[in-house]
Amino acid sequence: MAEGRIVQTKPGMVPRYKRYLDEVEGVAIGDIWDDIPPIGAQATERLGYPTQKPEPLLERIIEASSNEGDLILDAFCGCGTTIAVAERLKRRWIGIDITHLAITLMRHRLEDTFGPELSPYEVIGDPKDLHSAEALAKHDRYQFEWWALGKLAARPAQDKRKGADTGIDGVINFFDDNSGKAKKIIVQVKSGHVTRNQIGDLRGVMEREKASIGAFITLEQQTKPMIEEAASAGFHEPEYFPGNYYPRIQILTIEDLLAGKRLEYPRLAPEATFKKAERKEKGKPPQQGLW
């Protein structure tokens, strides 16, 4: 009472003890976490992956169960929320997923989020040479297709296991003027026998989709008739960069991709194919949720 901690509003009322929030530990978190909202449809954090989890959820789990330098494992890591949060909280990490599509999304997310601050890492299990690429194509041609698209930084157009083949395996968007409207590159990936007629088919798809450039990726070596058909499609010349010519149809083999060869097209900022993850600093404190 001498400290003023006993409060009696009126004579005869039950006395109350005065507490200050900064002097108490608070209420322990229970097993129902309803203070972390789901990712909104327009949230900058949303990358388009169907099962993407909010980063504050993984922040809470990782900070409650590990210390800096500890190893975090996510065996079904999807678009990489766990490993991105682990990297930011200065943990070591291992992420596992069965699809090459998910691996591509993770790579883009990590590079966009951390830039030069990203710790060195290695992707284990993806093809490193022609023999392993052929083995992947023989085992699962869809996974081969997603892997090849990832080598180009192309976005898969659809899951053809769930719908009709429209002749588009992947898409790359790019800017080459100040209109603010992205141009389109159509990508086709072939793991079987290839012919000149397929190059003609690609031209038809480009016209239908109003694509500026078409990319034909093949596991086999291209033939002379294929090269001639591609050359007959001419060049794309950006309106605001006259004198710069890019072949409208470009044929790249898997050997080319493994050797580091890239498609030829204007590479101006901003990158328009994948939604970019928000840039974040390592060790940055959580932004929401109760801790």
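Between the R279 side chain and the F114 main chain, a donor and an acceptor come within less than 3.5 Å of each other. For R196 (side chain) and M226 (main-chain N/O), no donor-acceptor pair under 3.5 Å exists by modelled atom type. Q143 places a side-chain N or O within 3.5 Å of a backbone atom of H100 that can act as its donor or acceptor partner.
Contacts of T104 classified as side chain to side chain donor-acceptor pair (under 3.5 Å), with partners at least two apart in sequence or in another chain: none. Under the side chain to side chain donor-acceptor pair (under 3.5 Å) criterion, R248 pairs with no residue at all, not counting sequence neighbours. For R107, the salt bridge (Lys or Arg N to Asp or Glu O under 4.0 Å) partners are D126, not counting sequence neighbours. Partners of Y265 by ring pair (Phe, Tyr, Trp, His ring centres under 6.0 Å), not counting sequence neighbours, listed by chain and number: F174.
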Ignoring hydrogens and angles, write down the donor-acceptor pairs under 3.5 Å from the side chains of residues 25-34, residues two or more places apart or on other chains.
{"from": "W33", "atom 1": "NE1", "to": "G30", "atom 2": "O", "distance (Å)": "2.8"}

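Between R60 and D35 the shortest side-chain heavy-atom distance falls below 4.5 Å. For the pair V171 and E209, the minimum side-chain heavy-atom distance is 4.5 Å or more.
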K280 and E59: CA distance, side-chain angles, deciding distance, salt bridge (charged side-chain N to carboxylate O under 4.0 Å, His left out) verdict: CA-CA 14 Å; K280 296 181 180 178; E59 287 172 354; 5.6 Å; no

Determine whether Q221 and E255 satisfy the following criterion, side chain to side chain donor-acceptor pair (under 3.5 Å), listing intermediate values before the conclusion. CA-CA 9 Å; Q221 292 296 317; E255 280 187 305; 2.6 Å; yes

T166/R208 under side chain to side chain donor-acceptor pair (under 3.5 Å): CA gap, chis, key distance, verdict: CA-CA 11 Å; T166 61; R208 185 191 74 207; 4.5 Å; no

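Grouping Ile, Leu, Val, Met, Phe, Trp and Tyr by side-chain contacts under 4.5 Å, direct or through others, puts Y17 with M1, I6.
Contact check on R203 versus E229 returns a salt bridge, with a Lys/Arg side-chain nitrogen under 4.0 Å from an Asp/Glu carboxylate oxygen.
Two different hydrophobic clusters hold I172 and L47 under the rule that ILVMFWY side chains link at heavy-atom gaps under 4.5 Å.
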